[in-house]
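One is the number of the first residue; the rest follow in order along the sequence.
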Amino acid sequence: MAEFVRLEVDNGVATICLDRPKMNALNAQVQEEFYDAAHAARKDDDIRAVVIYGGERVFAAGADVKEMASLSYAEMAIKSADLHRCFNAVAAIPKPVIAAVTGYALGGGCELAMCADFRVSGESAKWGQPEILLGIIPGAGGTQRLPRLVGPAKAKDITFSGRFVDAAEALAIGLVDRVVPDAEVYEAAMTWARTFVGGPASALRAAKEAIDRGLEVDLQTGLDIERMLFASLFATEDQTNGMNSFVENGPGKASFIGR
């Protein structure tokens, strides 16, 4: 049994819950447990959407600095690969993933939240990449995922300064997608996640892959990726059900089975 990361499933929605008092620091053990939870959520066909949650007090205040402080270059070269393995596993979950963020999402915590497809933030949450204040840079995707969300200039502002970003600014610049009262963060994320249960799982997976892979390539290559994924869906039962329902009953009335 994992000590700090739990995978809980409720009617098709999985919650990956981080619980390492006091600030959910992302040490090596947490990273490994998060990788295992992400892999389990990926494999379970009964899971249609995933919520990542750090509890009512804090999402994750970053990596465990005490664990890293004395590491050499050679040691960190290995440790950083393990860190990327964990976070990339979260980003690669082929289902809608929503980060439910309360308190602080700083450093590795912000990077973890950016691995999700969507972010729901509490009104008093604070976001940021303060690694520069330690004499380093973000090392778990911050220099890559942040500019893809907010643009290079704003990403440089946040990264160069190490400043905290409040929820209102995070929403305005596109770092978060919804801001709700702190006490409503988890339920808001769960309500959103439930909208994907009963949907066309193969089409959702294809849409996520097309968008994510397309961001990394030129337009023509992205169009080719889209075309092949689009065509592949004509081998699914959901496509047959969806189109037949549209012809017979009009839009929005199809029932999907997820394959």
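- A pairwise comparison of heavy atoms in A105 and C110 identifies O-CB, 3.2 Å as the closest pair.
- The environment of CG in N11 is sparse: at most 12 heavy-atom neighbours from other residues, nucleotides or ligands sit within 6.0 Å.
- Linking ILVMFWY side-chain heavy atoms closer than 4.5 Å, directly or via other members, places V176 and V97 in a single hydrophobic cluster.
- Side-chain contact between I173 and E169 is present, with heavy atoms from C-beta onward closer than 4.5 Å.
- A heavy-atom distance below 4.5 Å is not found between the side chains of E131 and I137.
- For E56, the CD atom sits in a loose shell: 12 or fewer heavy atoms of surrounding residues, nucleotides or ligands are nearer than 6.0 Å.
- When each of V90, V30, N24 is paired with L112, the side chain to side chain contact (heavy atoms under 4.5 Å, CB included) condition holds for V90 and for no other.
- For the pair D46 and V9, the minimum side-chain heavy-atom distance is 4.5 Å or more.
- Both V101 and M114 belong to a common hydrophobic cluster when Ile, Leu, Val, Met, Phe, Trp and Tyr are linked at side-chain heavy-atom distances under 4.5 angstrom.
- Under a cutoff of 6.0 Å and an axis angle of 45°, R48 and F196 do not form a cation-pi pair.
- Here the closest heavy-atom approach between residue A25 and residue R20 is recorded as O-NH1, 3.1 Å.
- Defined by atom type and a distance below 3.5 Å, a donor-acceptor pair is missing between the side-chain atoms of T102 and Y53.
- Put simply, the side chain of P138 reaches to within 4.5 Å of the side chain of E111, judged on heavy atoms.
- The side chain to side chain contact (heavy atoms under 4.5 Å, CB included) with V197 is formed by just one residue from the set V13, I47, D10; it is V13.
- Contact annotation: the side chain of I158 approaches that of L146 to within less than 4.5 Å [non-hydrogen atoms, C-beta and beyond].
- Residues D166 and K126 are not paired through a salt bridge, judged by the lack of any N-O separation under 4.0 Å between the basic side chain and the carboxylate.
- With a 6.0 Å radius and a threshold of 12 heavy atoms from other residues, nucleotides or ligands, F34 has its CZ atom above the threshold.
- Judged by the 6.0 Å distance and 45° axis criteria, R85 is positioned over the aromatic ring of Y35.
- Side chains of D224 and T221: a donor-acceptor N/O pair is absent below 3.5 angstrom, by distance only.
- At a threshold of 4.5 Å between non-hydrogen side-chain atoms, the residues L204 and K95 do not count as touching.
- Looking at L26 and L18, their side chains come closer than 4.5 Å, going by heavy atoms from C-beta outward.
- Inspection of the Q239 and T236 side chains reveals no N or O donor paired with an N or O acceptor under 3.5 Å.
- In terms of modelled atom types and a separation under 3.5 Å, the side chain of T159 and the main chain of K156 share no donor-acceptor contact.
- Judged by distance alone, with hydrogens and angles left aside, the side-chain atoms of R213 form no donor-acceptor pair with the main-chain N or O of G222 at under 3.5 Å.
- Between W127 and F164, the distance separating the two ring centers is not shorter than 6.0 angstrom.
- For the pair E123 (side chain) and D182 (backbone), a donor-acceptor distance under 3.5 Å is absent.
- Neither side chain, S202 nor D238, offers a donor N or O lying under 3.5 Å from an acceptor on the other.
- When side chains are defined from C-beta on, D19 does not count as touching F4, because their heavy atoms never get closer than 4.5 Å.
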